[in-house]
Amino acid sequence: MDKGWVPTLLAVVLVMMVAGAIKQSLQYAPATPVSNQYSPQEASVEEGVGKNGADAPKPADEVSEAEEKRALVPGADASEAAKLSIVVGDDVKLETSLEHETATFDGTEYTIEPYGVIFAVRTDMGEPVVEGERIVFSRDLSGEATISYEVMENTSLNEAVVKELQDHEDSFYGEFIETTSKGGLKGKHNQYKDDSVFSGVFFYEFDRHVLRIDYRCPIAAVDPMVRIVNETVDSVKMRI
């Protein structure tokens with residue numbers, strides 16, 4: 001056999017060994033990073049999370065605590081709803097005169113907050129009920145008899161009368177009559193033209209606002225209702 005094949009065989013073996021080594025190195029070498037590969041840090045910046053962690057998502061317990069604090073802070077609507085309140089004051093004696101007769105009745109003083117305007121009404125008119133921006137007392141006097149109190153903010157006495165005439169056009173007997181409470185508040189009064197009921201409205205001006213008092217009862221209860229209305233309008237005053 002020709003011995004020249006030996007160098008050739010050695011060369012072939014060497015080539016195969018080198019090729020195998022190159023294949024093995026390629027198989028186990030780490031992959032080269034790609035420049036546009038997804039990076040968690042880059043993603044957080046794109047989503048608006050600061051690198052310093054100031055805007056990073058908070059733990060669940062911190063989030064729930066923050067939400068609870070926000071729930072305890074009243075919004076604008078809650079603040080408006082809680083603005084008007086009625087505070088029960090002292091027991092008083094109310095005197096009224098009708099047809100040269102004077103009578104005394106048990107009454108209770110109330111203060112409308114935060115305005116500091118005070119009025120009294122007979123105790124037997126029941127407990128006050130707040131309906132929106134109105135404070136309403138009612139009882140049975142041959143049917144339902146009601147007195148309501150409402151503060152018209154940033155309104156003058158004349159503006160209140162004009163608004164009432166606009167809201168109830170051709171509903172009054174003549175002009176509004178000037179009046180003054182025993183507490184010194186100036187006001188105006190008129191009666192509605194409604195033959196089915198006894199009803200009317202008083203306005204009293206105080207501290208850039210107006211207190212509106214509305215009353216209504218069946219015709220059969222005119223006599224006691226006139227006394228009740230006279231008592232409450234005379235009692236209107238400002239807190240000292």
Side-chain angles (χ1 to χ4, degrees), residues 84-131 133-139 141 145-165 168 172-192 197-217 221-240:
L84 178 72
S85 64
I86 182 76
V87 178
V88 180
D90 298 330
D91 294 334
V92 294
K93 295 295 183 181
L94 300 174
E95 287 189 356
T96 185
S97 297
L98 187 65
E99 296 178 355
H100 309 292
E101 292 182 6
T102 300
T104 302
F105 299 90
D106 292 331
T108 304
E109 273 193 346
Y110 297 90
T111 303
I112 303 177
E113 296 292 3
Y115 307 101
V117 62
I118 300 172
F119 67 89
V121 67
R122 283 193 197 180
T123 304
D124 59 11
M125 282 300 293
E127 298 294 326
V129 176
V130 178
E131 298 179 355
E133 295 299 316
R134 297 167 63 240
I135 299 164
V136 182
F137 294 81
S138 63
R139 63 168 293 189
L141 287 176
T146 63
I147 302 179
S148 68
Y149 305 78
E150 176 183 3
V151 173
M152 303 172 68
E153 291 186 330
N154 302 313
T155 303
S156 70
L157 189 59
N158 289 334
E159 288 172 344
V161 170
V162 169
K163 185 178 185 306
E164 192 75 21
L165 291 172
H168 303 86
F172 291 99
Y173 291 111
E175 301 292 328
F176 272 76
I177 301 171
E178 292 185 355
T179 183
T180 304
S181 72
K182 289 183 177 179
L185 297 186
K186 295 186 180 300
K188 290 190 176 184
H189 164 250
N190 209 336
Q191 221 172 298
Y192 292 112
V197 295
F198 171 64
S199 59
V201 61
F202 279 84
F203 293 111
Y204 286 99
E205 192 171 30
F206 70 97
D207 192 25
R208 304 184 307 279
H209 309 307
V210 169
L211 176 64
R212 181 182 186 274
I213 303 175
D214 180 282
Y215 59 90
R216 179 179 298 267
C217 76
V222 166
D223 287 348
M225 193 64 174
V226 166
R227 290 175 179 264
I228 292 170
V229 171
N230 286 342
E231 293 160 5
T232 194
V233 297
D234 279 344
S235 71
V236 177
K237 62 184 178 181
M238 281 296 296
R239 178 170 53 206
I240 300 175

Can you name the residues that form a side-chain contact (heavy atoms from CB on, under 4.5 Å) with Lys93, not counting sequence neighbours?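 Lys93 satisfies side-chain contact (heavy atoms from CB on, under 4.5 Å) with Thr104, Asp106 once adjacent residues are dropped.
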Considering all heavy atoms, the nearest [X]-[Y] contact:
| X | Y | result |
| --- | --- | --- |
| Arg122 | Pro224 | NH2-O, 4.4 Å |
| Ile135 | Pro128 | CG2-CB, 3.8 Å |
| Ala221 | Leu141 | CB-O, 3.1 Å |
| Ser156 | Glu205 | CA-OE2, 3.4 Å |
| Val121 | Leu94 | C-CD1, 3.7 Å |
| Met225 | Arg216 | CE-O, 3.8 Å |

Give the C-alpha distance, both sets of side-chain angles, the deciding distance and a yes or no for side-chain contact (heavy atoms from CB on, under 4.5 Å) between Asp124 and Phe105. CA-CA 9 Å; Asp124 59 11; Phe105 299 90; 5.6 Å; no
Please assess Tyr110 against Phe137 for the test ring pair (Phe, Tyr, Trp, His ring centres under 6.0 Å), listing each intermediate value before the final yes or no. CA-CA 12 Å; Tyr110 297 90; Phe137 294 81; 5.2 Å; yes
Salt bridge check: are Glu109 and Lys237 linked by an N-O gap of less than 4.0 Å?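 Between Lys237 and Glu109 there is a salt bridge, with a charged N closer than 4.0 Å to a carboxylate O.
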Value rounded to 0.5 Å, distance of [atom1] in [X] from [atom2] in [Y]:
| X | Y | atom1 | atom2 | answer |
| --- | --- | --- | --- | --- |
| Thr108 | Glu127 | OG1 | CD | 8.0 Å |
| Phe203 | Met152 | CZ | CE | 5.5 Å |
| Arg212 | Phe202 | CZ | CZ | 12.5 Å |
| Tyr149 | Leu84 | OH | CG | 13.5 Å |
| Tyr115 | Asp207 | OH | CG | 11.0 Å |
| Glu231 | Thr96 | CD | OG1 | 5.0 Å |

Decide yes or no for [X] and [Y]: does some side-chain heavy atom of the first lie under 4.5 Å from some side-chain heavy atom of the second?
| X | Y | result |
| --- | --- | --- |
| Lys188 | Ile177 | no |
| Tyr192 | Asp214 | yes |
| Met238 | Leu185 | yes |
| Ile112 | Leu211 | yes |

How are the rings of His168 and Phe172 set to each other: parallel, tilted or perpendicular (split at 30° and 60°)?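 His168 and Phe172: perpendicular rings.
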Are side-chain N/O atoms of Tyr215 and Thr232 paired as donor and acceptor at under 3.5 Å?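 No, no side-chain donor-acceptor pair sits under 3.5 Å.
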May I have the step-by-step check of side-chain contact (heavy atoms from CB on, under 4.5 Å) for Val233 and Tyr204, ending in yes or no? CA-CA 9 Å; Val233 297; Tyr204 286 99; 3.4 Å; yes
Set out, in order, the CA-CA distance, both residues' side-chain angles and the distance that settles side-chain contact (heavy atoms from CB on, under 4.5 Å) for Arg239 and Glu113, then state yes or no. CA-CA 10 Å; Arg239 178 170 53 206; Glu113 296 292 3; 2.4 Å; yes
So, Ser181 side chain and Val236 main chain: donor-acceptor pair closer than 3.5 Å or not?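 Judged by distance alone, yes, a pair lies under 3.5 Å.
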Would you confirm whether Thr155, through its side chain, and Glu153, through its main-chain N or O, come within 3.5 Å as a donor-acceptor pair?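 Such a contact is found between Thr155 side chain and Glu153 backbone.
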For Val201 and Ile213, run side-chain contact (heavy atoms from CB on, under 4.5 Å): C-alpha distance rounded to whole Å, both residues' side-chain angles, the deciding distance at 0.1 Å, then the answer. CA-CA 6 Å; Val201 61; Ile213 303 175; over 6 Å; no
Just jot down the side chain to side chain donor-acceptor pair (under 3.5 Å) partners of Glu175, sequence neighbours excluded, or say none.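 Partners of Glu175 under the side chain to side chain donor-acceptor pair (under 3.5 Å) test: none.
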